[in-house]
Amino acid sequence: MDRQKPGSLKDVEVNSNIKLAFLWTAVTFLYIYGDYFELYIPKKVAGLISGENLLDSPMKLFAASVLLAIPASMIALSVLLKPSVNKWLNVVAGVFFTAIMLLIAVTSITPWRAFYVFYAILESIITGLIVWYAIKWPKRELVN
């Protein structure tokens with residue numbers, strides 16, 4: 001029996017759907033912050049204006065848009081989907097984005113991109129937590 005002192009704060013258990021939605025929200029904000037701060041790298045804006053950048057074609061821009069729509073969509077899907085589908089979709093998306101961000105971390109090690117490496121590692125930790133929480137999704141207890 002858990003005895004707590006009167007007036008101590010109550011710890012409320014948060015269900016898996018909400019945990020996952022909040023983790024996807026956090027990682028989506030970090031993706032946005034990383035891309036925003038990247039604009040401060042010398043010559044980055046000039047490359048955006050001239051068209052000499054990574055997303056230099058309509059198809060590349062569309063592909064990047066689809067890629068970044070996934071984490072944003074996972075916020076809503078984590079709350080709306082049934083647990084069986086939700087669990088595996090979070091595992092697959094979480095593993096996918098963890099791998100991408102680790103690859104970005106390894107390939108972005110330069111003085112001007114230290115912030116990007118930091119974000120990529122933090123994002124990898126969060127998407128790793130998404131995978132962990134999805135795999136550990138509590139099972140329904142049988143009632144006699």
Side-chain angles (χ1 to χ4, degrees), residues 2 4-5 7-143:
D2 184 23
Q4 296 183 359
K5 296 177 187 176
S8 64
L9 299 177
K10 181 178 180 181
D11 189 15
V12 178
E13 186 174 341
V14 178
N15 75 32
S16 297
N17 303 66
I18 302 300
K19 284 180 188 176
L20 293 169
F22 275 118
L23 289 168
W24 281 113
T25 302
V27 82
T28 299
F29 273 114
L30 291 171
Y31 293 150
I32 294 166
Y33 294 150
D35 289 344
Y36 172 75
F37 289 132
E38 188 179 28
L39 296 174
Y40 289 89
I41 294 175
K43 301 180 185 170
K44 179 67 177 185
V45 174
L48 293 174
I49 293 169
S50 71
E52 295 176 25
N53 57 67
L54 185 63
L55 303 177
D56 60 358
S57 75
M59 280 309 298
K60 289 179 185 178
L61 189 57
F62 180 74
S65 298
V66 170
L67 184 68
L68 287 177
I70 295 169
S73 299
M74 288 303 298
I75 297 166
L77 293 175
S78 293
V79 174
L80 299 174
L81 293 176
K82 292 183 178 186
S84 57
V85 175
N86 202 343
K87 173 181 180 171
W88 293 110
L89 187 58
N90 272 281
V91 169
V92 170
V95 167
F96 178 72
F97 279 93
T98 301
I100 286 174
M101 296 321 299
L102 288 173
L103 178 64
I104 288 172
V106 170
T107 59
S108 297
I109 300 174
T110 66
W112 272 104
R113 294 199 186 274
F115 75 94
Y116 216 65
V117 173
F118 167 72
Y119 276 131
I121 291 168
L122 188 54
E123 291 157 1
S124 298
I125 291 168
I126 293 171
T127 52
L129 284 171
I130 288 168
V131 172
W132 173 259
Y133 281 118
I135 288 172
K136 295 295 184 178
W137 198 296
K139 303 249 187 280
R140 181 176 288 172
E141 293 180 21
L142 294 176
V143 179

Which pairs would a plain distance check flag for residues 123-135, meaning a side-chain donor or acceptor within less than 3.5 Å of a matching protein atom at least two apart in sequence or in another chain?
from: Glu123; atom 1: OE2; to: Tyr31; atom 2: N; distance (Å): 3.4
from: Ser124; atom 1: OG; to: Ala120; atom 2: O; distance (Å): 2.8
from: Thr127; atom 1: OG1; to: Thr98; atom 2: OG1; distance (Å): 2.6
from: Thr127; atom 1: OG1; to: Glu123; atom 2: O; distance (Å): 3.0
from: Thr127; atom 1: OG1; to: Ser124; atom 2: O; distance (Å): 3.2

Let me check something: any side-chain donor-acceptor pairs from residues 54-63 under 3.5 Å, sequence neighbours excluded? List them with distances.
from: Asp56; atom 1: OD1; to: Lys60; atom 2: NZ; distance (Å): 2.9
from: Ser57; atom 1: OG; to: Lys60; atom 2: N; distance (Å): 3.2

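For the residue pair Asp35 / Tyr119, no side-chain donor-acceptor distance below 3.5 Å is found, with atom types taken as modelled. Residues Trp24 and Asn90 bring a donor and an acceptor atom of their side chains to less than 3.5 Å of each other.
Identified under the salt bridge (Lys or Arg N to Asp or Glu O under 4.0 Å) test for residues 98-118, with sequence neighbours left out: Glu38-Arg113. Counting only residues at least two apart or on different chains, no salt bridge (Lys or Arg N to Asp or Glu O under 4.0 Å) pair has a member in residues 71-97. Applying the side chain to side chain donor-acceptor pair (under 3.5 Å) test to every pair with at least one member in residues 62-75, sequence neighbours left out, gives no pairs at all. A side chain to side chain donor-acceptor pair (under 3.5 Å) check over residues 11-21, counting only residues at least two apart or in different chains, returns nothing.
Distance CD1/Ile121 to CE/Met101: 10.0 Å, rounded to 0.5 Å. Taking CE of Met74 as the start and CG of Leu80 as the end, the distance is 10.5 Å to the nearest 0.5 Å. Here Ser108 contributes atom OG and Phe118 contributes atom CZ; the two are 14.5 Å apart, rounded to the nearest 0.5 Å.
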Going through the distances and angles, do Val106 and Leu102 end up as a side chain to side chain contact (heavy atoms under 4.5 Å, CB included)?
CA-CA 6 Å; Val106 170; Leu102 288 173; 5.6 Å; no

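Leu20 is not listed as a side-chain neighbour of Ile75, based on a closest heavy-atom distance of 4.5 Å or more.
Listed by chain and number, the residues in a side chain to side chain contact (heavy atoms under 4.5 Å, CB included) with Val79 are Ile18, Ala21 (sequence neighbours excluded). Here Leu81 pairs with Leu77, Val85, Asn86, Leu89 under the side chain to side chain contact (heavy atoms under 4.5 Å, CB included) rule; sequence neighbours left out. Taking Phe29 as the reference, Thr25, Tyr33 meet the side chain to side chain contact (heavy atoms under 4.5 Å, CB included) condition, with sequence neighbours excluded. With sequence neighbours left out, the side chain to side chain contact (heavy atoms under 4.5 Å, CB included) criterion links Leu67 to Phe96, Phe97, Ile100.
Here the closest non-hydrogen pair linking Trp112 and Phe115 is O-CE2, 3.1 Å.
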